[in-house]
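This report concerns only the one structure given below.
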Amino acid sequence: MNHWLMKSEPDEFSIDDLARRGREPWSGVRNYQARNYLRAMRPGDRVLFYHSSCAEPGVVGLAEVASEPYPDPTQFDPRSDYFDAASRREEPRWSLVEVKFTRKLRRTIPLRELKSRKELRGLALLRPGNRLSVLPVSKAHWDCILRLE
DNA sequence: GCCAACGTTGGC
DNA sequence: GCCAACGTTGGC
């Protein structure tokens, strides 16, 4: 089983939105490296849900990968913001997985606090300029972050 | 709103 | 293949 971190802007889709829906196809990832991480995901993998571009960026909840990766349907929808005219159905460019709500954390663990922890050195989220919306997390880092709760 | 740190695009 | 210009992400 692998561990991941997935970012979402709470104005767009928050942990409370995921709690309400229970399960959500993670559409709209349009970065090749992030896509490759999505394709490496398997049902049962654990996910840290992270709020970005907001007053208090940080880890806010836990989720679980709930499907195998499959082609993101929004790439074929001309009305979607995520439409990609260059993607062909025979060879879809973009993938997604479905994500299932596990629970909210008792508190937000702010980015500021993650940065202050020596044990979290090397966490992909903290690497300079890392803007990927989907990132791997080691088991050791996962455990460390949950101990901060 | 600013800006660093990227990724992408397109001319050559 | 190089690289300048441009667009995006996301913290602050």
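Note on naming: letters A, B, ... go to the chains in the order of the sequence lines (proteins, then strands), and numbering restarts at 1 for each one. Everything numeric in this text was worked out from a predicted model, so none of it was measured. Basis for what follows: all heavy atoms, side chains included, without hydrogens, waters or symmetry-related copies.
Rounded to whole Å, the distance from CG on A:Leu135 to P on C:dT9 is 14 Å. Across the protein-nucleic acid pair, A:Asp84 atom CG and B:dG7 atom C1' stand 15 Å apart, rounded to whole Å. Going from atom CG of A:Leu125 over to atom C1' of B:dA5 covers 15 Å, rounded to whole Å. If you take CZ of A:Arg30 and P of B:dT9, they are 13 Å apart, rounded to a whole angstrom. Straight-line distance from the CZ atom of A:Arg127 to the C1' atom of C:dG11: 17 Å, rounded to whole Å. Summarising the geometry, the separation between CD on A:Gln33 and P on C:dT9 is reported as 15 Å, rounded to the nearest angstrom. Going from atom CG of A:Leu132 over to atom P of C:dG11 covers 13 Å, rounded to whole Å. Whole-Å rounding puts the A:Asn31 CG to B:dT8 P distance at 6 Å.
In this structure, OG1 on A:Thr108 lies 11.0 Å from OH on A:Tyr50, to the nearest 0.5 angstrom.
Closest contact between the side chain of A:Arg131 and the listed nucleotides C:dG11, C:dG10, B:dC6 involves B:dC6. The side chain of A:Lys115 lies closest to C:dC12, out of B:dT8, C:dC12, B:dA5.
Under 4.0 angstrom from either OP1 or OP2 of C:dG11 there lies at least one side-chain N or O belonging to A:Tyr50. Contact annotation: A:Lys7 side-chain N/O to C:dT9 OP1/OP2 distance is not under 4.0 Å.
Evaluated for a side-chain contact (heavy atoms from CB on, under 4.5 Å) with A:Val99, the options A:Met41, A:Met6, A:Glu64, A:Arg21 yield exactly one hit, A:Met6. A salt bridge (Lys or Arg N to Asp or Glu O under 4.0 Å) with A:Glu119 is found for exactly one of A:Arg121, A:Arg117, A:Lys115, namely A:Arg117.
Aromatic ring orientation, A:Trp26 versus A:Phe13: perpendicular (interplanar angle above 60°, classes split at 30° and 60°).
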